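Values in this document were obtained by computation on a predicted structure and should not be read as measured data. Protein chains get the first letters and strands the later ones, always in sequence-line order, with residue 1 at the start of each. Computed from heavy atoms alone, side chains included, the values below leave out hydrogens, waters and symmetry copies.
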Amino acid sequence: MRDDELSAELLAWYDIHARELPWRVGPAARKAGERPDPYRVWLSEVMLQQTTVAAVKDYFHRFTTLWPDVGALAAAEDARVMGEWAGLGYYARARNLLKCARAVAADHGGRFPDSRAALLALPGIGPYTAAAIAAIAFDRPETVVDGNVERVMSRLFAVETPLPTAKPDLTALAARLTPPERPGDHAQAVMDLGATICTPRNPACGICPWRAPCLARAEGIAAALPRKLPKTPKPTRLGRAYLGRRTDGAWLLERRPETGLLGGMLGWPGSDWAETEPFSAPPAEADWRPLGAEVRHTFTHFHLRLDLWVVDLPVDCIPDRGQFLAPAAFRPSDLPTVMRKAFDLARPAFDPPGNARG
DNA sequence: TAATCGTGGAA
DNA sequence: TTTCCAAGATT
């Protein structure tokens with residue numbers, strides 16, 4: 001089957017089976033001339049990096065409600081945006097999201113550039129996202145290569161070279177199939193196919209529009225592709241976190257450094273996290289007590305066990321680290337998940353604010 | 001180049 | 001319980 005015939009089969013499938021997504025203009029409306037808002041395409045693509053559609057939907061709705069366009073987002077306060085991103089993970093995305101919005105506002109007149117090269121120059125926009133925005137929002141004939149595309153191509157052409165070694169070959173194969181017409185719909189079609197039919201574990205080959213030409217299906221190895229290099233095991237790191245609350249109800253929190261793990265996010269003061277029990281001084285002089293409970297959390301490349309210590313602090317407390325946040329200014333939902341877990345565990349150890357202990 | 005960087009759901 | 005995985009980018 002010729003490349004253009006493969007593309008035609010896929011687009012015909014997409015016309016019927018396209019997923020309906022909040023940031024998407026479906027094939028029918030697209031054919032009628034409607035185009036998606038580049039801002040919404042960009043925002044969704046950044047949120048979707050290494051993140052499931054299900055996890056993104058609520059965040060996308062909240063962000064577009066709070067900040068309907070790139071100018072509004074560019075004008076937002078850093079802490080507000082980081083707080084809204086909390087829980088979604090990979091927080092460099094949020095930091096770069098703001099940098100990108102401000103660059104678009106300042107250097108591009110508030111409009112996203114429409115070429116892959118110009119998009120690629122913006123913060124947080126890499127090869128995949130640049131191609132996706134160019135193709136989906138501006139209908140440029142660019143080829144997107146995400147995890148779905150890698151999987152679909154590796155199966156369609158029975159590429160047995162493991163990832164990431166195979167990536168250049170898979171990219172070339174994907175580029176071959178990118179049609180000059182409807183490149184945006186084509187990009188979304190390949191990803192929809194990967195997400196709904198050509199899934200990682202149990203591909204539904206029987207209802208796949210590419211079941212006839214698929215080489216991996218013919219060889220009976222579809223579910224085994226793409227092959228991947230073995231992953232290194234995750235070590236366990238230990239750490240300590242201090243949850244202090246002033247008697248007026250204000251919590252002692254700190255803004256983490258811009259770079260590194262949970263960079264730019266709010267968190268509880270504490271030790272570094274290392275494979276040996278790290279020494280740490282409390283963020284304020286007080287009679288800290290061990291909570292007797294620990295947070296267990298797994299990051300991308302290590303497991304963490306976080307030992308929790310708590311204390312009530314006087315209203316005239318001057319901390320060595322961090323700052324007090326009044327109850328009205330503190331939303332637990334602003335915390336990254338590991339820090340919110342700590343809060344959820346420690347919160348019952350504190351009396352209602354203002355009440356005498358007894 | 002290889003390591004770093006989150007989270008939650010599914011199997 | 002553990003592993004795998006999801007519309008990757010950055011350094």
>> Using side chain to side chain donor-acceptor pair (under 3.5 Å), reason through A:Gln49 and A:Thr129 one step at a time and then give a plain yes or no.
In response: CA-CA 8 Å; A:Gln49 291 166 7; A:Thr129 305; 3.0 Å; yes
>> What range of DNA chain C does chain A touch, first nucleotide to last, counting atoms under 4.0 Å from its heavy atoms?
In response: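 The contact span of chain A on DNA chain C goes from C:dC4 to C:dT10.
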Taking [M] as the reference, what is the distance to [N] when you measure between their [atom1] atoms (whole Å, please)?
N     : M     : atom1 : result
C:dA6 : B:dC5 : C1'   : 15 Å
C:dA7 : B:dA3 : P     : 24 Å
C:dA9 : B:dG8 : P     : 22 Å

> Does the pair A:Asp78/A:Arg102 count as a salt bridge with the N-to-O cut at 4.0 Å?
Replying inline: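 Salt bridge: yes.
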> Is A:Leu304 reachable from A:Leu243 through a run of hydrophobic residues whose side-chain heavy atoms are each under 4.5 Å from the next?
Replying inline: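 In one cluster: yes.
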> Between A:Asp146 and A:Gly124, which is nearer to the 5' end of DNA chain C once each is assigned its nearest nucleotide?
Replying inline: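 Its nearest nucleotide lies further toward 5', so the answer is A:Asp146.
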>> By nearest heavy atom, map A:Trp23 and A:Thr298 onto DNA chain C; which one lands nearer the 5' end?
In response: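 So the residue in question is A:Thr298.
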>> Classify A:Arg95 by what it touches in the nucleic acid, base, sugar-phosphate, or nothing, heavy-atom distance under 4.0 Å.
In response: nothing
> Can you tell me if A:Arg211 uses its side chain to pair, donor with acceptor, with the backbone of A:Cys208 under 3.5 Å?
Replying inline: yes
>> As an exercise, state the distance from CZ of A:Phe343 to CH2 of A:Trp268, rounded to the nearest 0.5 Å.
In response: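 Between atom CZ of A:Phe343 and atom CH2 of A:Trp268 there are 6.0 Å.
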>> Under 4.0 Å, heavy atom to any atom of DNA chain C: which of residues 38-73 of chain A qualify?
In response: A:Glu45, A:Leu48, A:Gln49, A:Gln50, A:Thr52
>> For a 4.0 angstrom threshold against heavy atoms of chain A, report the outermost contacting nucleotides of DNA chain B in 5' to 3' order.
In response: B:dT4 to B:dA11
